[in-house]
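Report on the following structure.
Residue numbering restarts at 1 for every chain, and letters A, B, ... go by the order of the sequence lines. Quick caveat: nothing in here was measured; it's all calculated off a predicted structure.
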Amino acid sequence: MPRKDNLDPQPLPRSFFVRDPRRVARQLLGKILVRHSKGLHLTARIVEVEAYLGIEDPAAHAAAGRTLRNAVIFGPPGHAYVYFIYGNHYCLNVSCEPEGKAGCVLFRALQPLSGFEEMARARGIHLRGPQDWPKLTAGPGRLCQAFGITRSRDNNCDLTSPSSELWIGDDHYRVRAISQTPRIGVTKAAEVPLRYFLRDNEFVSGPKATRHSVVHGRAIPVS
DNA sequence: ATATCGATTATCT
DNA sequence: GATAATCGATATG
């Protein structure tokens, strides 16, 4: 039998995103983010995400109600919500839930698969070796810089269409253990565990604090 | 390895 | 006028 991974990534159906962001977040782990534009082809595996719910989630941009900035997360599912933060960085999300209901998943870290040198150039760094690879895409701001993602270019982009410059593909990669912790950097609902990442993956962002993680639904003590 | 801090601006109150 | 879903540099143990 042929292996089912290592295939060209196939787009995800719109229905994939018409669900609670917590389910979408988990299912997005292991999928591939593709940047395909003239003269540039980048791919990287999604290894860390966070779920942001609707207007009832105090940490979500949706909590403020629909504004010009956050309109995409109230719109149709499967579209890119890109925002600018801290005067420096862009962050990438994908809209979830049916149109009219808010919800999204934030991309926090990727594992580069192809286009390493192009990503390094976009990040303005020089790769000395594999130890530098996480600097390319470990962190929501970093991965956007590596992929050249900006609000003016990519906000509202359809991530289910392979003819988009930015889209999400599935190569049937098999995910192993998933860890779950509170979301990073939020001040409201700071304890709610809606951050998901591939356990033991070297490209996950943030301090090594895998404390409070939950693996396969069971609490795992980590010293 | 962890803590603290400054940069810099779109967006909203 | 205040805030922010971050990053990189610096300081310290």
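Between A/Arg123 and C/dG8 there is a side-chain N or O to OP1 or OP2 distance below 4.0 Å. For the pair A/Arg142 and C/dG8, the criterion of a side-chain N or O lying under 4.0 Å from OP1 or OP2 is met.
Heavy atoms of A/Arg183 sit nowhere under 4.0 angstrom from any nucleic acid atom.
In this structure, A/Asn70 places its CG atom 16 Å from P of C/dA4, rounding to the nearest Å. Atom NZ in A/Lys188 sits about 9 Å away from atom C1' in C/dA4, given to the nearest Å. When the P atom of B/dT13 is taken as reference, atom NE2 of A/His61 falls 12 Å away, rounded to whole Å. Whole-Å rounding puts the A/Glu48 CD to C/dA5 P distance at 16 Å. When rounded to the nearest whole Å, the span between OH of A/Tyr52 and C1' of C/dA5 equals 4 Å. Between A/Lys135 atom NZ and C/dG8 atom P the separation is 9 Å, expressed in whole Å. In this structure, A/Tyr90 atom OH and C/dA5 atom C1' are separated by 16 Å, rounded to whole Å. Here the P atom of nucleotide C/dT6 and the CZ atom of A/Phe84 are 13 Å apart, to the nearest Å.
Judged by atom type and distance alone, A/Tyr83 reaches the base of C/dA5 through a side-chain donor-acceptor pair under 3.5 Å.
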Polar-atom pairs under 3.5 Å, protein N or O versus N or O of nucleotides 6-8 of chain B: list them with distances, or write none.
unit_1, atom_1, unit_2, atom_2, d
B/dA7, N3, A/Asn88, ND2, 3.0
B/dT8, O2, A/Tyr86, O, 2.4

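Side-chain contact of A/Arg199 with A/Ser179: a donor-acceptor pair under 3.5 Å is absent, judged by distance alone. There is a side-chain donor-acceptor pair under 3.5 Å between A/Ser205 and A/Glu48. Of the N and O atoms on the side chains of A/Arg142 and A/Thr137, not one donor lies less than 3.5 Å from an acceptor on the other residue.
A cation-pi arrangement is absent between A/Arg14 and A/Phe17 under the rule of less than 6.0 angstrom and at most 45 degrees off the ring axis. The cationic group of A/Arg183 lies under 6.0 Å from the six-membered ring centre of A/Tyr52 and within 45° of the ring axis, placing it in a cation-pi geometry. Remark: A/Arg45 qualifies as a cation-pi partner of A/Tyr173 under the 6.0 Å distance and 45° angle criteria applied to the six-membered ring.
Base-pairing analysis of DNA chain B finds the following stems of at least three consecutive Watson-Crick or G-U pairs, with both pairing distances under 3.5 Å: B:1-7 with C:6-12, B:9-12 with C:1-4.
For A/His89 and A/Phe84, the gap between ring centers reaches or exceeds 6.0 Å.
In this structure, CG on A/Leu159 lies 11.0 Å from CH2 on A/Trp167, to the nearest 0.5 angstrom.
More than 12 heavy atoms of other residues, nucleotides or ligands sit less than 6.0 Å from atom CG of A/Leu113.
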